[in-house]
Structures are given as structure tokens and as C-alpha cells.
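A note on names: the letters A, B, ... follow the listed sequences, proteins ahead of strands, and every chain is numbered from 1.
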Protein chains: 2
Amino acid sequence: MREDDLQDMRQLPLFEGVGASYVDSLLRNAFVQRFPAHVELVHEGDPADFLYVIVQGQVEIYAGYRDRETTISVLGPGNSFIIAAVLLDRVYLKSARGLTPTRILMLPAAAVREGFAEDAHFARALAVDMALAYRGVVKELKNQKLRSSLERLANWLITEDARQGGSGQLEIPYDKKILASRLGMAPEVLSRSIAALLPYKVEIRGRHVTLHDREALLSLARPIATIDDPSC
Amino acid sequence: MREDDLQDMRQLPLFEGVGASYVDSLLRNAFVQRFPAHVELVHEGDPADFLYVIVQGQVEIYAGYRDRETTISVLGPGNSFIIAAVLLDRVYLKSARGLTPTRILMLPAAAVREGFAEDAHFARALAVDMALAYRGVVKELKNQKLRSSLERLANWLITEDARQGGSGQLEIPYDKKILASRLGMAPEVLSRSIAALLPYKVEIRGRHVTLHDREALLSLARPIATIDDPSC
DNA sequence: TTTTTCTGTTGATGCAAATCAAGGTCTGCA
DNA sequence: TGCAGACCTTGATTTGCATCAACAGAAAAA
């Protein structure tokens with residue numbers, strides 16, 4: 001790994017609070033890989049050989065069944081994926097592919113498991129990461145089981161707006177068909193749901209969204225902390 | 001805590017591989033509580049004051065939104081719940097109530113967090129438990145997003161049969177309306193789905209189920225390891 | 001016991017969302 | 001510049017599931 005790559009990697013949230021010398025010993029066994037867009041990085045059912053950390057680009061986490069496919073989440077720089085499979089030494093439950101060209105840090109699974117046993121700070125960082133991921137999925141399961149398509153979209157818009165600064169102006173960060181899959185609906189339904197938000201003063205042109213009346217949208221969406229608050 | 005209670009607690013999977021003296025020091029701050037059926041043990045949105053471990057009885061984990069409610073899972077003896085909230089010192093994302101009278105071990109959250117930092121074996125046990133729980137929710141999310149009601153029921157029957165010994169004879173371990181909520185459907189839909197399984201030689205009388213033709217049911221359900229295999 | 005309440009089934013109906021189909025728009029590329 | 005192939009939208013139709021309603025049977029309470 002090149003020296004300036006190393007510099008970048010040390011800053012990753014996963015290594016926060018972990019001793020510098022230990023981070024470096026982990027990184028010595030790791031490598032950074034570039035992948036073109038649309039390449040499958042991980043396939044569900046395969047043994048978990050690596051822990052992946054995104055350095056650059058967007059990664060879609062998805063899963064398939066029969067001829068169907070659904071997006072579980074879309075991750076960006078700083079996010080890691082499949083910690084649980086690595087820790088338990090089992091197969092991946094989800095697949096992953098880059099939506100853009102990506103730069104990915106790959107940590108050999110065995111080194112991560114050893115790290116968990118040897119360095120308490122690293123163990124804590126892994127556990128915190130996993131706990132956050134766990135709560136994320138629980139929220140998503142509640143989102144799916146308790147809400148209609150329109151409610152999911154409305155709440156996504158509000159949450160995403162907040163994440164992008166809360167100005168009422170936001171960009172959908174990926175294709176609409178990916179968003180539809182993430183929200184658990186067919187692309188056609190997303191199109192129609194967007195149209196259905198017109199009375200709530202939501203304007204969508206391409207990927208750019210303007211929320212002209214946040215109060216109206218809020219009264220439809222009715223977000224609650226235990227589903228929608230990312231800091232909760 | 002009484003001495004024979006202590007004996008029971010030391011056997012819990014959560015303490016497997018953890019030094020006996022450390023387990024005892026944890027248990028000194030803990031207590032075992034009995035609750036009558038239908039009592040709410042934990043309410044979503046409340047701060048996580050305790051880690052709960054089921055000693056006896058069944059506990060329904062559920063969540064609400066507006067006037068709706070859904071069952072996330074039903075847990076039994078040996079299972080713990082809300083590790084992630086305790087570890088992160090955040091609020092519970094789900095509520096819990098006993099379906100039967102229960103006996104619950106309650107570990108103060110602060111002690112658990114200290115334990116994670118102080119005892120590497122306990123930290124590992126917690127992390128493994130959390131990783132398994134995480135993978136369970138991921139599977140459930142896939143189950144919800146990728147399958148129809150009928151497919152979910154068919155796969156549940158197969159998995160539950162395997163869990164109960166694989167004899168083709170099984171008992172539904174709780175009310176059908178709880179099962180319906182767990183499977184993400186209205187009780188009426190469960191009734192009709194059961195009727196729809198008649199051509200597949202599934203016989204249901206009350207809570208007792210007989211699978212007369214597992215092959216036929218398998219061809220409908222089409223289970224896959226990354227959703228249905230509990231050991232994966 | 002009788003009465004009441006709860007659980008589960010069945011029928012009728014309405015709605016949400018998937019599917020099928022066609023056309024328009026944008027993008028990358030020859 | 002023009003074409004091929006995406007992405008997205010809109011319309012028509014079907015399907016899956018929820019809802020409403022009524023009732024039977026079982027369990028709990030009087």
C-alpha cells in the first residue's frame with residue numbers, strides 16, 4: 001500500500017480510538033483495490049474472506065431470490081460492510097456492487113478476527129459499527145412492515161433532506177430505480193408516488209428535489225425517532 | 001439472587017467461555033424478575049437501562065407506528081434482547097412483552113458496558129450474540145422484501161419443522177395472530193394462506209400442523225440458505 | 001352453569017402495488 | 001451527428017393483500 005493511501009486509511013471511522021501502531025499492523029495485511037462501476041464485489045452465499053471498507057465511490061448492497069432482487073442499502077466513503085459475516089466466519093448474506101467506480105480497502109477476515117481478540121479498542125470499534133448497522137436494519141424492517149410506499153418515500157425525502165443540510169433542496173444520490181428498490185417498490189410505483197406528492201409541494205426535476213412546504217410533507221410522513229432518526 | 005438461580009444463570013449461552021469469577025461479578029449486580037403474561041417489559045423509545053435475558057417463558061418483540069403494530073420476533077429461554085441499545089447507550093428501538101408468564105434476568109446496562117471493556121471473553125460473547133441477531137434481522141428483511149405472504153408461510157413451516165426435529169409434525173408455538181404479525185400479514189390472510197396450502201398436503205388443526213408431503217411444500221417454498229438456514 | 005370475551009374462519013369489497021405495454025428523454029458512443 | 005441503449009414516465013390491467021363484517025368455537029369470567 002502506498003504511503004499516502006496509508007494516511008487516508010488511518011483516518012477511517014473504524015479505526016477511531018485504536019492505537020496507531022495496531023492500525024498499521026492491521027493495514028500491513030490489507031490492500032486497497034480499485035473497481036470499475038457495476039462490478040460485483042461480493043456475492044451472497046460466498047465465504048467471508050474480507051472485511052470491506054469504502055474509501056471512494058458508492059456501493060449498493062443487495063440480495064436476490066428467484067428472479068427478484070432488492071436493494072438493502074447504498075453505502076458511501078467511510079462505511080464498512082459485512083462485519084458480522086467476517087466476525088462469525090460465515091458466508092455473506094448480501095451481495096455488493098459498485099454504482100460508481102470505487103476504491104475499497106480490503107482487510108483479510110482472519111486478521112480482523114484476530115484483531116478483535118487482541119486489541120480491545122479495535123474490538124469496541126467493530127462492535128459499535130455492528131451495533132449501528134444492526135439498528136439500521138431494524139429500522140428498515142419496521143419501515144417496510146409498518147408503512148405504505150408513499151409513507152416510505154415521504155419519510156425518505158425528509159431524512160435525506162436533513163442529511164444534506166436541511167435546506168429543502170436535495171439531490172437523489174443515485175438512479176431512481178435504485179431508490180425504488182431501496183424503498184421496496186417497483187420503479188413505476190416510485191414515479192407515481194412522486195406525482196402523488198405534488199399537492200404537498202414536492203418538486204422533482206431529474207435528480208434534484210425541492211421541498212417547498214416541509215410542514216405539509218411532515219404531516220403526511222409523520223416520522224418517528226425510532227425509525228427515522230439516524231442518531232437514535 | 002438465590003443460589004440455585006445463580007446456578008441457572010451461569011449456564012446461559014451469553015456467558016459461554018467467560019471466566020466464572022467474572023460471570024459472578026456481573027451477576028452480583030443483576031437480578032431475576034418474574035413477570036405475568038402480557039406485561040410490557042420494554043417500551044420503544046425508552047433509554048436502555050437493562051440488558052434482558054430470558055430464563056423462562058416466551059417474549060414477543062414488537063414495534064408500533066401510528067395505530068399499527070408488527071411483531072419483529074418471538075424469543076424463548078436463553079435468548080437475550082436489545083444488546084445493541086445497551087452497548088451504544090441509546091434508546092430501545094423495539095418493545096417487548098411476555099406472551100406467557102416469564103422469568104427474566106436483568107443486567108444493568110452500565111455493568112454490561114463496563115464488562116465489554118474489561119473482559120475480552122464477555123466482549124466476544126456479546127459481539128457474537130449481536131452478530132447473530134444482526135444476521136437474523138437481515139434475513140427477515142430479505143424475507144419481507146422478496147417474498148409473498150404464501151411463500152413466507154411455506155418457508156416458515158419448513159424452517160419450524162426442522163427446528164422441532166424435522167418429523168413433519170410441528171406445533172405453532174403461539175397464537176395464530178402473533179404468527180400472522182410475525183410473518184407480516186393480517187390474521188385473515190394467514191387463515192386463507194393456510195387454506196391455500198391444502199393442495200400441498202399441509203394439514204392444520206388448531207396449533208398442530210402435519211406436513212404430509214414435504215417435497216411438494218419445498219417446491220412451493222423454495223427456501224435458500226441465505227434467508228432460511230438458521231445456522232448460516 | 002351461563003355469559004362474555006377472544007381467537008380464528010369465511011365471505012364481500014376496496015385499495016395498494018405489481019405487472020404489462022408503449023412512448024418519450026437522456027446518455028454514451030460509434 | 002445519429003444511433004443504441006439506458007432510464008423514466010404514463011396508461012391499462014391484474015393481483016395480492018387489507019379491511020369490513022358476520023359468525024362459530026373455545027376459553028375465561030361471572
Peer 1: With a 4.5 Å cut-off on side-chain heavy atoms, are B:Leu153 and B:Ile194 touching?
Peer 2: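 The answer is yes; the side chains approach within 4.5 Å.
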Peer 1: Below 4.0 angstrom, N of the basic side chain to O of the carboxylate: do B:Arg152 and B:Glu140 qualify?
Peer 2: no
Peer 1: Between C:dA18 atom C1' and A:Leu190 atom CG, what is the distance in whole Å?
Peer 2: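 The answer, rounded to whole Å, is 14 Å.
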Peer 1: I want to check something: taking the side chain as every heavy atom from C-beta on, are B:Leu27 and B:Leu105 in contact at a cut-off of under 4.5 Å?
Peer 2: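 Result yes, sub-4.5 Å side-chain heavy-atom pair found.
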Peer 1: Rounding to a whole Å, what distance do you find between B:Leu183:CG and C:dG8:P?
Peer 2: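 Result: 13 Å.
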Peer 1: Ignoring hydrogens and geometry, is there a side-chain-to-backbone donor-acceptor pair from A:Lys145 to B:Ser181 under 3.5 Å?
Peer 2: yes
Peer 1: What is the separation between atom CG on B:Leu179 and atom P on C:dT7, rounded to the nearest whole Å?
Peer 2: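 That distance rounds to 14 Å.
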Peer 1: Roughly, in whole Å, what's the span from CD1 in B:Ile204 to P in C:dT9?
Peer 2: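 One finds 8 Å between P of C:dT9 and CD1 of B:Ile204, rounded.
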Peer 1: Quick test of your reading of the model: are B:Glu69 and B:Arg97 salt-bridged, counting only N-O distances below 4.0 Å?
Peer 2: yes
Peer 1: When A:Val59 is tested against each of A:Ile104, A:Val42, A:Thr100, A:Val74 for side chain to side chain contact (heavy atoms under 4.5 Å, CB included), which residue passes?
Peer 2: A:Ile104
Peer 1: Backbone N or O of A:Gly206 within a donor-acceptor pair of the A:Lys176 side chain at under 3.5 Å?
Peer 2: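 Pair found, side chain donor or acceptor close to backbone of A:Gly206.
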Peer 1: Is the distance from the ring center of A:Tyr92 to that of A:Phe81 below 6.0 Å?
Peer 2: no
Peer 1: Sugar-phosphate means primed atoms, P, OP1 and OP2; the rest is base. With that split, encode nucleotides 24-30 of chain D 5' to 3' as B, S or - using protein heavy atoms under 4.0 Å.
Peer 2: -------
Peer 1: Donor-acceptor pair, distance only, cut-off 3.5 Å: does the side chain of A:Tyr65 make one with the backbone of B:Ile224?
Peer 2: no
Peer 1: In whole angstrom, what separates B:Leu198's CG from C:dT10's P?
Peer 2: 10 Å
Peer 1: Find every protein N or O atom lying less than 3.5 Å from an N or O atom of nucleotides 6-8 of chain D, and list the pairs.
Peer 2:
| unit_1 | atom_1 | unit_2 | atom_2 | d |
| --- | --- | --- | --- | --- |
| D:dC7 | OP2 | A:Lys177 | NZ | 2.3 |
| D:dC8 | OP1 | A:Lys176 | N | 2.9 |
| D:dC8 | OP2 | A:Lys176 | N | 3.3 |
| D:dC8 | OP2 | A:Lys177 | N | 3.0 |

Peer 1: How many whole angstroms separate atom CD1 of B:Ile194 from atom P of C:dT7?
Peer 2: 16 Å
Peer 1: Distances for protein N/O vs nucleotides 16-23 of chain D N/O pairs under 3.5 angstrom?
Peer 2:
| unit_1 | atom_1 | unit_2 | atom_2 | d |
| --- | --- | --- | --- | --- |
| D:dC17 | OP1 | B:Ser149 | N | 2.9 |
| D:dC17 | OP1 | B:Ser149 | OG | 3.2 |
| D:dC17 | O5' | B:Ser149 | OG | 3.4 |
| D:dA18 | OP2 | B:Ala186 | N | 3.1 |
| D:dT19 | O4 | B:Arg192 | NH2 | 3.2 |
| D:dC20 | N4 | B:Glu188 | OE2 | 3.2 |

Peer 1: Once you round it to whole Å, what is the distance between P of D:dT9 and CZ of A:Arg205?
Peer 2: 12 Å
Peer 1: Round to the nearest Å and state the distance from A:His208 atom NE2 to C:dC26 atom C1'.
Peer 2: 19 Å
Peer 1: Taking A:Lys94 for its side chain and A:Ser73 for its backbone only, find out whether a donor-acceptor pair lies under 3.5 Å.
Peer 2: no
Peer 1: Ion pair present between A:Asp228 and A:Lys139, side-chain N to carboxylate O less than 4.0 angstrom?
Peer 2: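 Not counted as a salt bridge, because no side-chain N and carboxylate O are separated by less than 4.0 Å.
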